[in-house]
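To keep things clear, I will list the structure first and then write my remarks on it.
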Amino acid sequence: MSNLIADPTANGIEGRPASALGKLAGTVTESLGWGAREVEALLDLPFSDLMYRAQNVHRQYHDPNAVQLSTLISVKTGGCPEDCGYCPQAARYHTAVENQEMLTLEEVVAAAAAAKAQGASRFCMGAAWRGPKQREIGKMTEMVKAVKAMGLETCATLGMLKPGQAEQLRESGLDYYNHNLDTAPEFYEEVITTRNYQDRLDTLEKVRSAGIHVCCGGIVGMGESRRARAGLIAQLASLDPYPESVPINHLVQVEGTPLHGTAALDPLEFVRTIAAARITMPKAMVRLSAGRREMSDAVQALCFLAGANSIFYGEKLLTTGNPETERDKALLNRLGLRPA
Ligand code: SAM
Ligand code: DTB
Ligand code: SF4
């Protein structure tokens, strides 16, 4: 395929399929027309060629030495009615997660202040819901307002949204809504059965139409094939426009979940997935998300080289661990990466 040859300058403009060249003058994050087959061919490239292409795109659109820091908090933990096979918060799996009712506004504000003091620029509030009830949206909007007033960017991940809820969140000052496609359509039903792919696309559409930035990515290492990883990236890249923020999570295997015990993925496959996200969604922030605690510093460094420019920062994700802030500060320092 002409757009997948290893020489990044062969199309005249790095990183783009020839078919998309006509769209270059369009909106900031226009869809570049990547299909699963084309992304799979990217993933099949020799590692050095793939990294070279990813670096070219990365340097064209981003400061290669800046990393955006987001801190997560779980505002409501466990007891979720959904059956996501990776998730320790699903009520039906027996994991060590203890259910926790919704945090108070004061607790959230205190956590946001601590995150800001540590250098985070975005604060992301997650809840173990299928979707929020109206009363819960009311509480969330109070939290968003308060966090926004502290000068932090705000993000929330609350599950599926009903009509009108995205607008309420937007009015309270929500900058980003995280809702992941998680995997390729053909692998999806192996992982989740209580809501379908279209449900997810519908929520993303509500978020987009309300004027909230879309944060949408997936999970790698769930036993999927390389083709399925390509399918996920192609789906994300063909959202029109593609998401402003793309979290690539490595499955954190939690005892009690159906995916616990899945064969380990070659870490270089994870790096390749990051590179494919960077090449296909050049202007997006690509976030090296869950799974960093289990990753070596060297693999993380490769992910930054592949074009990741955002991380979750702080010692906890939602229920599982993240690297200690001191370890992260030291890693960023060793790599000459500047928090942004
Ligand atoms: N309940 C809401 C939902 O599912 O949309 C929001 C919170 S949910 C925990 C947010 C995302 O976290 C999921 O879509 C999934 O991509 C990611 N996630 C959950 N458990 C994970 C795990 N064990 N490893 C990696 N990512 C995980
Ligand atoms: C995302 O894509 N990853 C984050 C965030 N969005 C909400 C969540 C990761 C959760 C990892 C498992 C846990 O800590 O419970
Ligand atoms: Fe519930 Fe979200 Fe976990 Fe799925 S990923 S079980 S919806 S908390």
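Both counts, for ligands and for their atoms, begin at 1 and track the order of listing. Here the structure is a predicted model, which is why all the values come from computation and not from measurement.
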Going by distance only, is there an N or O of Val252 that falls short of 3.5 Å from an N or O of ligand 1? yes
Side chain or backbone of Thr157 under 4.0 Å from ligand 1, or both, or neither, by non-hydrogen atoms? both
Atom pair CD1/CH2 of Ile137 and Trp129 - distance to nearest 0.5 Å: 7.0 Å
Gap between atom CG of Asp202 and atom NZ of Lys162 - 0.5 Å precision: 13.5 Å
Which of the numbered atoms in ligand 2 are below 4.0 angstrom from a heavy atom of Leu72? 4 (C), 7 (C)
Stepwise, does the salt bridge (Lys or Arg N to Asp or Glu O under 4.0 Å) test hold for Asp175 with Lys148? CA-CA 9 Å; Asp175 296 305; Lys148 182 87 178 164; 2.8 Å; yes
Residues Glu326 and Lys329 bridged, charged N to O under 4.0 Å: yes
In ligand 1, the atoms that come under 4.0 Å of a heavy atom of His179 are 5 (O)
Within the 3.5 Å criterion, strictly below it, is a donor on Thr194 or Arg130 matched to an acceptor on the partner's side chain? no
To the nearest 0.1 Å, how far is atom 21 (C) of ligand 1 from its closest protein heavy atom, and which atom is that? Tyr86 CD1, 3.7 Å
Considering both backbone and side-chain atoms of Cys87, is one of its nitrogen or oxygen atoms within less than 3.5 Å of a nitrogen or oxygen in ligand 1? no
If you compare Pro81, Cys87, Gly79, Gly85 by their heavy atoms, the one closest to atom 6 (S) of ligand 3 turns out to be Cys87
Between Lys139 and Glu142, is there a salt bridge with N-O shorter than 4.0 Å? no
Between the CE atom in Met125 and the SG atom in Cys155, the distance rounded to the nearest 0.5 Å is 7.5 Å
Between the side chains of Asp182 and Tyr86, is a donor N or O closer than 3.5 angstrom to an acceptor N or O? yes
Taking only Lys NZ, Arg NE, NH1 and NH2, and the carboxylate oxygens of Asp or Glu, determine whether Glu224 and Arg229 approach each other closer than 4.0 Å. yes
Residue selection (non-hydrogen contact nearest atom 3 (C) of ligand 1) among Met160, Arg195, Met222: Arg195
Leu318 heavy atoms, cut-off 4.0 Å: which ligand 1 atoms fall inside? 9 (C)
Let me confirm one number: the CD-CG distance from Glu153 to Leu174, rounded to the nearest 0.5 Å. 10.5 Å
Of the protein's non-hydrogen atoms, which lies at the shortest distance from atom 3 (N) of ligand 2, and what is that distance? Asn249 OD1, 2.9 Å
Would you mind running through ligand 2 and noting each atom that sits below 4.0 Å from a heavy atom of Thr319? 13 (C), 14 (O), 15 (O)
Examine Gln89 against ligand 1 and note whether any of their N/O atoms are separated by less than 3.5 Å. no
Using a strict 4.0 Å threshold on nitrogen-to-oxygen distance, state whether Glu40 and Arg226 make a salt bridge. no
Contact atoms of ligand 2, heavy-atom distance to Pro247 under 4.0 Å: 2 (O)
Atom 5 (O) of ligand 1: of Ala156, Cys124, Ala90, Gly159, the nearest heavy atom sits on Gly159
Looking at Glu255, I want to see if its CD is surrounded by more than 12 non-hydrogen atoms of other residues, nucleotides or ligands under 6.0 Å. no
Between Arg334 and Asp297, is there a side-chain N and carboxylate O pair less than 4.0 Å apart? yes
Tyr197 and Tyr188 aromatic ring geometry - parallel, tilted or perpendicular at 30°/60° bounds: perpendicular
Met222 and side chain to side chain contact (heavy atoms under 4.5 Å, CB included): which partner among Leu265, Thr262, Thr183, Asn249? Thr183
Protein contact for atom 12 (O) of ligand 1 (heavy atom, distance under 4.0 Å): no
shortest atom 8 (S) of ligand 3-to-protein heavy-atom contact is with Ala128 CA, 3.6 Å
Side-chain donor-acceptor pair under 3.5 Å between Ser121 and Gln68, yes or no? yes
Are Asn309 and His62 close enough that a side-chain donor and a side-chain acceptor fall under 3.5 Å? yes
So which heavy atom in the protein is nearest atom 4 (Fe) of ligand 3, and how far is it from that ligand atom? Cys84 SG, 2.3 Å
Check: Leu318 N/O within less than 3.5 Å of ligand 2 N/O: yes
For atom 6 (N) of ligand 2, what's the nearest protein heavy atom and its distance? Asn178 OD1, 3.0 Å
Please work out which of Glu82, Met160, Lys76, Arg195 has its closest non-hydrogen atom nearest to atom 2 (Fe) of ligand 3. Arg195
Does ligand 1 have an atom that lies less than 4.0 angstrom from a heavy atom of Ala127? yes
Heteroatom proximity flag, Gln89 to ligand 2, N/O under 3.5 Å: no
Does His250 have a heavy atom less than 4.0 Å from any atom of ligand 1? yes
For the CD atom of Gln55 and the CZ atom of Phe304, what is their distance to the nearest 0.5 Å? 12.5 Å
Polar contact flag for Asn180 and ligand 1 (N/O pairs, less than 3.5 Å): yes
If the cut-off is 4.0 Å to any non-hydrogen atom of Tyr86, which atoms of ligand 3 fall inside it? 5 (S)
protein heavy-atom neighbour closest to atom 14 (O) of ligand 1 works out as Asp182 OD1, 3.3 Å
Ligand 1 N/O within reach of Asn178 N/O, cut-off under 3.5 Å: no
Examine the proximity of ligand 2 to Thr320 and report which part, side chain or backbone, both or neither, has a heavy atom under 4.0 Å away. both
Nearest non-hydrogen protein atom to atom 1 (Fe) of ligand 3, with distance, is Cys80 SG, 2.3 Å
Counting heavy atoms under 4.0 Å, the part of Asn180 that contacts ligand 2 is side chain
Ligand 2 contact on Thr157 by region, counting heavy-atom pairs under 4.0 Å: side chain
Among all protein heavy atoms, pick out the one at the shortest distance from atom 4 (C) of ligand 2; state its residue, atom name and that distance to 0.1 Å. Phe312 CE1, 3.6 Å
Would you say the side chains of Glu315 and Thr325 form a donor-acceptor pair under 3.5 Å? yes
Top protein contact for atom 27 (C) of ligand 1, by heavy-atom distance: Ile219 CD1, 3.7 Å
